[in-house]
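What follows is a set of notes on a single structure, which appears directly below.
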Amino acid sequence: QATLPQAPAPTGTLRIALKDDPDIMDPTLARTYTGRIVFAALCDKLFDIDEKLEIVPQLATSYKWETPTSLLITLRDGVTFHDGEKFDAAAVVYSLNRHMTMQGSFRRGEISDMDTAVVVDPLTVRITLKTPSAAFLSQLTDRAGMIVSPKAAEAAGRDFGLHPVCTGPFSFVERVAQDRIVLQRYPGYWDAGRIHFARVIYRPIPDNNARLANVQTGTVEFAERMEPDDVTTARANPRLAVAQVPQLGYQNITINITNGPRANTPMGRDARVRHAFELALDRATINQVVYQGAYTPTAQAVPPANPYHVASLVPEARNVERARALLREAGVTTPLAVDMIVPNNPDLRQVAEVIQSMVAEAGFNLKLSTMEFASSLQVTTRGEFETYLAGWSGRTDPDGNIWSFLHSRGPQNDGRYNNPEVDRLADAARAETDHDKRLALYTQLWQIAVVQDRARIYLWHATNIVIYSARLAGYRPISDGMIRVQDLRLQ
Amino acid sequence: MTPALAVTGLTVSFATDRGVFRAVDGLSFSVAPGETLAIVGESGCGKSVSSLAIMGLLEGNARVGGDLRLAGQDLLAMTPEARRKLRGADMAMIFQEPMTSLNPAFCAGNQIAEVLALHRGLSRHAAYEEAIRALDQVRIPDARRRAAQYPHQLSGGMRQRVMIAMALACRPKLLIADEPTTALDVTVQAQILELLDELKRETGTAIVLITHDLGVVADHAEQVVVMYAGRAVETAPGEAIFTHPEHPYTIGLLGAAPRLDGPRGRLASIEGTVPDPMHRPPGCGFAPRCPFAVAECTVTDPALTMLAPGHAAACLLAPLEAA
Amino acid sequence: MTALLEAYDLVKHFPVRDAIGRKRGAVHAVDGVSLSVAAGETLAIVGESGCGKSTLGRLLLGLIPPDEGQVRFGGEELTQLSPAALRARRRDMQMIFQDPYASLDPRQTVQDAVAEPLRLHRIVPRAGEIARVASLLTRVGLSPEHARRWPHEFSGGQRQRVAIARALASGPRLILGDEPVSALDVSVQAQVIELLRGLISEMGLAFILISHDLGVVRQIADRVAVMYLGRIVEEGPSEALLAAPRHPYTRALRAAVPGGGRRAAPVSGDVPSPINPPSGCRFHTRCPHVEDICRSVVPPLADGVACHLADRLPPFAAVVDRQPNARLVRLQSRFRPQGDAA
Amino acid sequence: MIGWLLRRLAQIIPTLLILSVMIFGLQQLMPGDPALILAGEERGDPVVLAQIRAELLLDRPIAEQYFVWVSKVVQGDFGFSWRIRMPVSQLILEKLPVTFQLATMAFVIAIVIGVPLGILSAVRRDTPTDWLANAVALAGISTPNFWLGIMMILFFSVNLGWLPPSGYVPLTEDWRASLATTIMPAFVLGSGIAGVLMRHTRAAMMTAMAQDYVRTARAKGMAEGVVVLKHAFRNALIPVVTLGAIEFGRLLAGAVLTEQIFTIPGFGKLIVDAVFNRDYPVVQGVVLATALIFVVLSLVADLLYMAINPRLRQA
Amino acid sequence: MNADSPRRRALRRFFQHRLAVLGLVVVVVFILAAVLAPWVAPYDPIQTSWTRLRKPPSAAFLFGTDENGRDVFSRVLWGARASLMAGVVSVLAAMLMGVPLGLLAGLAGKWTDALISRIADAMLSVPFLILAIALAAFLGPALENAMLAIAISAAPVFVRLARGMALEARSADWFEAARALGNPPWRTALLHVLPNIVPPLLVQGTLAIAEAIIAEASLSFLGLGQQPPQPSWGSMLNSAQRFLTQAPWMAIYPGVAIFVVVLAFNVFGDGLRDALDPRSQRR
Ligand SMILES: Nc1ncnc2c1ncn2[C@@H]1O[C@H](COP(=O)(O)OP(=O)(O)OP(=O)(O)O)[C@@H](O)[C@H]1O
Ligand SMILES: Nc1ncnc2c1ncn2[C@@H]1O[C@H](COP(=O)(O)OP(=O)(O)OP(=O)(O)O)[C@@H](O)[C@H]1O
Ligand SMILES: [Mg+2]
Ligand SMILES: [Mg+2]
Ligand code: NI
């Protein structure tokens, strides 16, 4: 019996510098963006997305909408968990139910439309929804679609996150909080041929200068979420490569419209005042001054790369004259004092200063209060703010960027913007699976929420700047910002 | 015989924030080996400054002039390093405050051993053994145990004895004792002075004893220098200063000490205070306080003039009431 | 003569604690002392360092509470008074300390220092303070201009005058001087002694003098109490006591005063530690006459002396001091203010 | 001696009690609902919030929270991190050696720089040497740690490539690598403390140099160097030791910025992240641990006094 | 005795200390710069310009421009206001809190001492950040409140210092003398003990100023100190942190300003201490 010469088991370590320390490594309980980056090597999902943000198979090989509320998913055969357990329909159902029922689950909200998940056969699962949902499938491309080993999860209970067991290319070795998360290659990975490292080490290095220094000196191979300023430095260095990946999220100014007494200001009451404020802004200049032009100015929540981006909706050009006129029309006495809460990152603080100086010309006296994240969260949730310079990391499906923020029942609608028509459109778009119809609904929605009501002032879509060793090949820049370890190799 | 110490025309001036002033002005005396010379005078008259000048221990703002010879060697012509080597070996000093003059961080034995190791080149161990002998010599009972104790564990008298042992450890030619007993109890004071006398006899060390207690002078000194405002106003053999003082200041001083016998009467008190060294009046420095002063005293500054062998006074009127 | 200040059986022990704070014995600073002072009388307390003189002084003025015993001032029991009442009583009893360099607050001008008791006891209105301080300064032989100066600008004798002026300011009935002249050199000491003596008789003050210098005591005191390790060992009129001391310790003190020519030290050794002091007569460790009884039985203070052997001791051989010759006496008399004899 | 130690150790308990009450009080004052943070992007969902609050006892009165916490701590249970679910005791044990190593190295560097400078400037008082020494020391204090840190990384790591720019290797794993990773942050931290030590050493030395026993030492004929180093310095050490203990204690939890720049996983960063994430069990546990070390340090300082100052050895 | 009044002598002693005078001059210059900033600053410190971002120092912009095109020199001048306030006022406030408590602990002894000392110990181990965030939330973010937070966290050191000094004072003769005169305890503490412990407080105080100025930087980063766009040296350093390599002048000039001020305060403090000490005998 002839044995085929096997490719030698990969050696080498991939070291990735993260901007911050992930939270708990349990797909059901995890909350942070950074955590998702680690999960990308640790836990496969039912589906993945590609460069064009289209849904592609991963643990599932295909899916079929039997009815608008019934989804049939076919699973990949021969997949095993890191503990050697077999991956099958029962595991999928277990994981989905765990997301739905586990106390403190953060996935429940994402898949709240799900009614039941049942095993059809070992490789087929049927999911029924309570209502039709266009966004549901895309949730399965993220943490909600990660399948954990039922045996390990049962055994560990709530401490599963201390030693997660999934089906990804790498299995968990150890974690030292704030220092490193170490993963090692899982030899039984179903797609092992695309894995070229024996280990991956994630190191949280919050300081941007330090992250850059680390990738410059070669102590890490990859650094994510760098500053636009670093692009020049990296480009000048032949040992480094740079990629600028457009992100799924956005930055905006949230305005308190009806949330408590602080809403009762000209800004809160009168769309013309908000419009004036917006007209005083020059997004391109902000982008240029603070981000070296690396970001994409916008007037909506959906980035251009997304098929639901409304191309016709472009930011209005700066027009201070008109802004003044609008203020006069609204009958406010200038300078109009407006408060803005600013997170305490240095770049956003600079943005705020730029905005402050811009709107001053139109007659706004913008007062900035920088706040650390936890405080600002509480203040804005309680409505103790006038305006808030806030960001959202973004979701693949446009609904993830819209509904929560503009629907009157949206949990992240901090300004309590409330327009029944917008509610109706958001609900309808949510259920609509036809691309063109859905895009039309969103076009209409923006017309009301942004152009007419000026509920929020969208500023830009950020770009994730990643800097990595020029020897590292196979990096696929995808807007979700994840670092997919498949095909990555050192030359 | 060369004197153990010969001081000629010693002047010390200090540069201060108020200007330069002379703390010691033309002081001369000499001490023979085995002899005690006492310097007496009011507080601030320059006793300590003179002794520190001899030792070479004055602070940086002091300027020393005149001629200082230790057993014939010119001290002021030496390099600081050479002078340092003399200190502790050929000339030693004990200070007024036994409490603060010993380093609280080291045990008594080690502080003595240090000198021995330094000047006699003894090993640590040998120096320590020698230190114990030195303590024994200053009549400290149970010297070995005491040597291991720290200054705070010793009484004032003990501490002063440690100081003396330290000073005498290298058999210096000269010992300067700056008010060695002022801080001690009377009964202990007598013991210490007696000890110094004995040691002097044994080792032939010359002693300069600084004090303002005339009783001490009478009992222990062969020679006396009375200082007033930086100058010697009278020098005399120890006895003569009591039987036949010539300077009014000395006379006042003698009368100011309360006595234990004789009639109880008012003390002689020298009214007024020492002149400000920065604004020294012309003439005799003591004139403003002197009950004998005549007009000329405020004009002419008297020089020290010999009145009898070994007895000199700086007073225009001396000898007073020649008898 | 009625007593102004009376103390009965005063005891003050300072606990000596070991590492964990357990009491490991006590400093027997004052151990059963009774005494009294009448108005216009000067009492001296003499003894060697550490024998408890200062502690006794503080007890007498109520600055620290006694462990046992009582202090009556003008018939009033000090230990019973509230802190505020006691503070008010300080107007009548003042204190002068040993070290004139340390007892004046270095950052207070003379004016403020002397005026402080006036303010504390609201003796004169603010406006009158300057005049009052000026008169006090004049009284102690300083000039009113000195009021504007800081203590460090004075010589020791001048400072002690300031301290005396401060003590006099509230018009006390009793002054306690804790070694008021020991830190001064002879000529200044004489000035201050003369000043104190004058003020005491002039103002009819009761004065308690704490001192270790028998010469000074003799100059000022009417009565002397000799302390040794917390106890009074001998007490009596000063002239008589100094001329013929009866207790061996007093004799040693008397003999140790220099000036009488070279002689052997009267006693050997240091004062023992007041922690666990010697049993019986506390002087027995140094006493040249010691007998067995001295080691075990505490001698009571009877007939002015606390010594078992008081009646059997050889008569005191008065050490004769060098006598000033006639010329010297004559010359010295020029230094005494006019019209003054004994 | 042992008794004294016991008594000192007993004092630790009230300190820790006061501290824990303080921490709970401050947490109450602090804005930012931990539940909101834990809820992350689901913070708008009242069900999620209620669930979190119930799980973490956040819906109970503060007194109850405190007593639950204290009764667990007394049993050695510090709870677990709300954010990453790791046991707080594990986090503390993990970071403690790191922090301790860094603090010790920083302290050694501070002593090596600060103390000699302080002595020198006291001895050469009012000379250019003194002025220079002061300028160096104060430069250490006033240079922001992040600036010095980044400059050192740029110079020693990026330009010269001598030292790794960040990360931490435990001493037990590879001591050379460990020193290489900690030397720069230790220097950054040490340079600031060196200034403080220098100023206090200078003051203490000036006092000591004016003492009588220094004159005695000179009268013995000791060389000036010996007088200064043996006689004066030993006595000047006392205030410096007190201060050293405080500064060392501050290093434990206060090295955040430096830890951040050099990515050293120590107490400082742990606590700051915990504060920002309102991860209260971690905050409480770590503060308690630092306080414990802090009081132990003052104990050590007191023991050092005794070594230096024989007067304190009895009673 | 010299006829000069002691105050005049202290003054003269101070003015003879050349370095201390230099320190004073520098401090005064900075205070003047802060007060006169509106008139002496060449540019408006908050006037942004998108055409001159991060320009290196030049004749027009002595210290260069910052990330929003503002003149760094003008901002350093204006920043002196917040930073000097943060440095000086908060240290004064810390002394105001710490010193009386320390005196109380040292003089009262017993359980008062135990309580105060334990609280001070506990406070020393509360991380600055927790205190700052909690207080700022309680009081609202503003420079004044940041100063208060700095003051509170700096106070325990002064408590310890004052306590130690008070213990020492308690055994001094003049302390006993003050009691014997009939001074009530509070009066003894305030009128006698306090003036005598000034010198060590000066040393610690001038050091604490440096720490306070830097602490304001971290607080303004948290949004608790000087609010943007108003400058403080600390907040300037914060924003410079992103541009350390590209625009080093943004960090260097405020950094140098801090250094110079700290140095000046320290030599000034040294001189003052010597001048106030009646016993100091210096040339
Ligand atoms: N380093 C110095 N700088 C300036 N003046 C000094 C210095 N040392 C001493 N003096 C002054 O010199 C004078 C003489 O002082 P000295 O110490 O010799 O007096 P003394 O006779 O020893 O007095 P006492 O009996 O009080 O010890 C005093 O006025 C003193 O203030
Ligand atoms: N507050 C205190 N705590 C403990 N011991 C004390 C205290 N005050 C005094 N002592 C001790 O009590 C004893 C008597 O002290 P006191 O000061 O009364 O002596 P004294 O006779 O005044 O001595 P001196 O002549 O040295 O002033 C000494 O051993 C002293 O150490
Ligand atoms: Mg002297
Ligand atoms: Mg006393
Ligand atoms: Ni997220």
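Order of the sequence lines fixes the chain letters, A, B, ..., with proteins taken first and strands second; residue numbering starts at 1 for each chain. Source: prediction; values computed, not measured.
- Here CG of E/Leu237 is found 10.0 Å from OG1 of D/Thr143. Values are rounded to the nearest 0.5 Å.
- The line from CG of E/Leu207 to CD1 of D/Ile141 is 4.5 Å long, rounded to the nearest 0.5 Å.
- Atom CZ of E/Phe259 has more than 12 neighbouring heavy atoms from other residues, nucleotides or ligands inside a 6.0 Å radius.
- Separating the CD1 atom in D/Ile18 from the CG atom in E/Leu115 is a distance of 5.5 Å, to the nearest 0.5 Å.
- Not counting sequence neighbours, the partners of E/Met85 by the side-chain contact (heavy atoms from CB on, under 4.5 Å) test are E/Val89, E/Met147.
- Using a 4.5 Å cut-off between heavy atoms, D/Val286 does not touch chain E at all.
- The CD atom of E/Gln241 lies 5.0 Å from the CD1 atom of D/Ile150; values are rounded to the nearest 0.5 Å.
- Applying a 4.5 Å heavy-atom cutoff, the residues of residues 20-27 of chain D that approach chain E are D/Met22, D/Ile23, D/Leu26.
- Both the backbone and the side chain of D/Val272 have a heavy atom closer than 4.5 Å to some heavy atom of chain E.
- From E/Asp270, atom CG reaches atom CZ of D/Arg202 across 4.5 Å, with rounding to the nearest 0.5 Å.
- Taking OG1 of D/Thr15 as the reference point, atom CE of E/Met123 lies at 13.5 Å (rounded to 0.5 Å).
- At a 4.5 Å heavy-atom cutoff, the contact between E/Ile214 and chain D is made by side-chain atoms alone.
- Interface check for chain D: of the options E/Leu263, E/Ile213, E/Val256, the most heavy-atom pairs under 4.5 Å are formed by E/Leu263.
- Proximity of D/Arg250 to E/Val157: side-chain heavy atoms (C-beta onward) are separated by under 4.5 Å at one or more points.
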